[in-house]
2 protein chains.
Amino acid sequence: MITLDDVAKQAGVSTSTVSIVVNNRHVRGVSVSPATRERVLHVAREMGYTPNSLARAVATGKNRVLGFIKDDLAAELAMRIMVGAQQECEIADYLIKPFQLSHPAIASDLVRKCLGQRVAGIIVVNLPDDALAIVLHEAKTAEVPVVMVDSPSPNASCIQITSDAEQGVRLMCGHLVEQGHKRIAFIGGPADSVVSQERKRIFRDACLEYGLDIREDMIVDTSWGETDIVKAAVAPLLARPVEHRPTALFCAGDAIAMMSVKTARRCGLRVPKDVSVTGYSNASYAYLCDPALTTVAQDFVEMGRIAVRHVLALAADKDCAAKSAIVKVPTSLVVRESTWGPDWV
Amino acid sequence: MITLDDVAKQAGVSTSTVSIVVNNRHVRGVSVSPATRERVLHVAREMGYTPNSLARAVATGKNRVLGFIKDDLAAELAMRIMVGAQQECEIADYLIKPFQLSHPAIASDLVRKCLGQRVAGIIVVNLPDDALAIVLHEAKTAEVPVVMVDSPSPNASCIQITSDAEQGVRLMCGHLVEQGHKRIAFIGGPADSVVSQERKRIFRDACLEYGLDIREDMIVDTSWGETDIVKAAVAPLLARPVEHRPTALFCAGDAIAMMSVKTARRCGLRVPKDVSVTGYSNASYAYLCDPALTTVAQDFVEMGRIAVRHVLALAADKDCAAKSAIVKVPTSLVVRESTWGPDWV
DNA sequence: CTGAAAGCGCTAACAA
DNA sequence: TTGTTAGCGCTTTCAG
């Protein structure tokens, strides 16, 4: 591997000159003559010189890298967030290093590993409260800013980027009542999922606001992905006599919506003619399925971008410690084929 | 940030002792006494010391990091590969740094950026031939091994990990003929997609082997994700009189399969009763849709794992340069609800 | 405008 | 068993 000194020697200048040139740094006015600059650049290219970012980082004490910690690497959502983060990093000339938190118990080690890379900041996706607390603690002593994305964790003292659930579920509820629905069931995710519970809570509020009765027997918890659980919860609802049957299913996630659609069909119901079904998140497959899902789109890539902007800002200030805020990024309603007015009533 | 020297001073030992302890390196036999070792460790923990991996990397000239270059960060498949890569990296105590190749034109700069991080190796996912060639060239002069994952690129001189398409499409064809299908249509992806064309080629071969006529009028190219294009290609096929209509649709991808199912329904056909539809890849949503997709599963996470094993092996040997091989990882057939024997014939 | 020299935090012989 | 010393490749004053 060819080094800066090699280039200097070859070009017959000192290392500092080369350093200045390759970083094209202008220390007070124009420091290095166009002639030498050109020569140095030429030699560098000739020799195939690639600056060693690591050495630079140790010399400056600044590493243009952001840590990205998530618990479940595979989740589509985490990936979209990462895409956004990466986009923003690219324009800021930063890099991302992902860390996989396979088990909450190793959170502490993981953060130290991350810190060991002397990251300028940390972006954390969807960590459980306890793991987040650990991350926050370790990061604070190292004075590295962290911002959390996507999972609402109200009493964590860091800045959090989350999609606006208040707005999102209201948007969808509004859409449904606008279409004339009166009996809307809420098909939630797991009982221990904070995002599901949040959506459920807001759903109740929204129902009240829209003057709908909230019927507890139409509010169920299920699972993000297990067909049997969803089916077991949804089928009974749909098997009710038509006058007690929900005319719409507000599902807490797109996968749940798809499983619900399937269940509805098994119950002999057509979607959306007999029952409307809505999703949440606008997953990649939401437009592919039949019927295409009406859903609320969360802009994960934007969330990722915002996250790095914030973490970079914190890193720039030195008062990166105590700041704590929640920024909510707006969602949007995407109406497709799975909702329809219950005009058969 | 507290350093190794700080610890040394505090513990009243030399830096090298601390270095040995924290890396728990045993130079010939037991070098540092349990007593001092314990003390150093204690002090280090007390002071909250975190080793600076960057400094270590520049000192040793070895960086335990792998570059991960992909063209489309969002693709679910790339993500699964990355999950596998990360799993394997974790056990080897390596880290991953992802690089986003937004445009083939910047391939050269991107690789240099990657090389600038002094990565020990590069994993490349699904790059077009020209971009790959550039990567290979830059990497070779830097003597950094690269392995390619997923996209078959026969004449590239690097080792490639790919899923066994020969086996995969034959598996599916076998399933279909076993169920009695005789008129199978091939619904491909874009005409310029190498994986789609590869599957098409093998599909033809497989048909021959199974004694089926291959009917060129039942082999079409479409798009990976655009509903209109797929519909335009599939609808005419399905509109044919029953004796000329395909009884099964071999789709080159899961999304295409879903769009085909939808099209079939619009044509008044039931899936799988009237027409069977198969996917390829086993995307996350393949089991969610209705009917759940029969598809061939590609083990992307395994591919990712294999990739890092290979790149690490190459990095260990110094003859990392010229090696070139294709390792095919087996696929598996997952039969779900979208296929059925054409017993109505 | 350019060079010499002193680090950055850590490792790795080699002495002691 | 431990300390001394000389780097790794780069940046950054400060003189020349």
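Fair warning: this is a prediction, and the values are worked out from it, not measured in the lab. Throughout, protein chains are lettered first and strands after them, A, B, ... in sequence-line order, and every chain is numbered starting at 1. Values reported hereafter were calculated over all heavy atoms of this structure, with side chains retained and with hydrogens, waters and symmetry mates removed.
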**Interatomic distance, N63(B) CG vs dT11(C) P [rounded to whole Å]** = 13 Å
**Message:** Just to be sure I understand the rule, does G12(B) reach a base, reach only the sugar-phosphate, or reach nothing, if contact means heavy atoms closer than 4.0 Å?
**Reply:** sugar-phosphate
**Request:** Whole angstrom is fine here: how far is it from NZ in K9(B) over to P in dG9(C)?
**Result:** 11 Å
**Asked** With respect to the phosphate group of dT11(C), does any side-chain polar atom (N or O) of T15(B) fall under 4.0 Å of OP1 or OP2?
**Response** no
**Request:** Rounded off to whole Å, could you give me the CE-to-P distance for the M47(B) and dG9(C) pair?
**Result:** 13 Å
**Request:** Let me know the distance between NZ of K62(B) and P of dC8(D), rounded to the nearest Å.
**Result:** 15 Å
**Prompt:** When you check the phosphate oxygens OP1 and OP2 of dG9(C), does a side-chain N or O of T3(B) lie under 4.0 Å from one of them?
**Reply:** no
**Nearest-nucleotide pick for V58(A), side chain only, options being dC8(C), dG3(C), dG9(C)** = dC8(C)
**Complete:** Of R39(B) and P51(A), the one whose closest nucleotide on DNA chain D sits nearer the 5' end is R39(B)
**Asked** Rounded to the Å, how far apart are E38(B) CD and dT2(D) P?
**Response** 13 Å
**Message:** On a heavy-atom basis, which atom in S284(A) and which in R80(A) lie closest, and how many Å separate them?
**Reply:** N-NH2, 3.6 Å
**Request:** For F99(A) and Q117(A), work out which heavy atoms get closest and say how close.
**Result:** CZ-CG, 4.2 Å
**Request:** Give the nucleotide from the list dG7(D), dG3(C), dG3(D) with an atom nearest to the side chain of T17(A).
**Result:** dG3(C)
**Message:** At less than 4.0 Å, is any side-chain N or O atom of N52(A) found next to OP1 or OP2 of dC8(D)? Yes or no.
**Reply:** no
**Distance, rounded to the nearest Å, where L54(B) contributes CG and dC10(D) contributes P** = 14 Å
**Rounded distance [0.5 Å steps], CD1 in I161(A) versus NE2 in H310(A)** = 5.0 Å
**Prompt:** Looking at S19(A), does any N or O in its side chain come under 4.0 Å of the phosphate oxygens OP1/OP2 on dT11(D)?
**Reply:** yes
**Request:** Would you give the length of the straight line joining atom OG of S102(B) to atom CD of Q87(A), rounded to the nearest 0.5 angstrom?
**Result:** 9.0 Å
**Fill in**
Atom CG of L4(A) and atom P of dG3(C) are separated, to the nearest Å, by 13 Å
**Request:** Determine whether any donor atom in the side chain of S16(A) lies under 3.5 Å from an acceptor atom in the base of dG3(C), or the reverse, and answer yes or no.
**Result:** yes
**Prompt:** Atom CZ of R37(B) and atom C1' of dT2(D): how far apart are they, to the nearest Å?
**Reply:** 13 Å
**Request:** Can you see which heavy atom on V43(A) is nearest to which on A11(A), and at what distance?
**Result:** CG2-CB, 4.0 Å
**Message:** Determine whether a donor-acceptor pair (one donor, one acceptor, N or O, separation below 3.5 Å) exists between the side chain of T36(A) and the base of dT2(C).
**Reply:** no
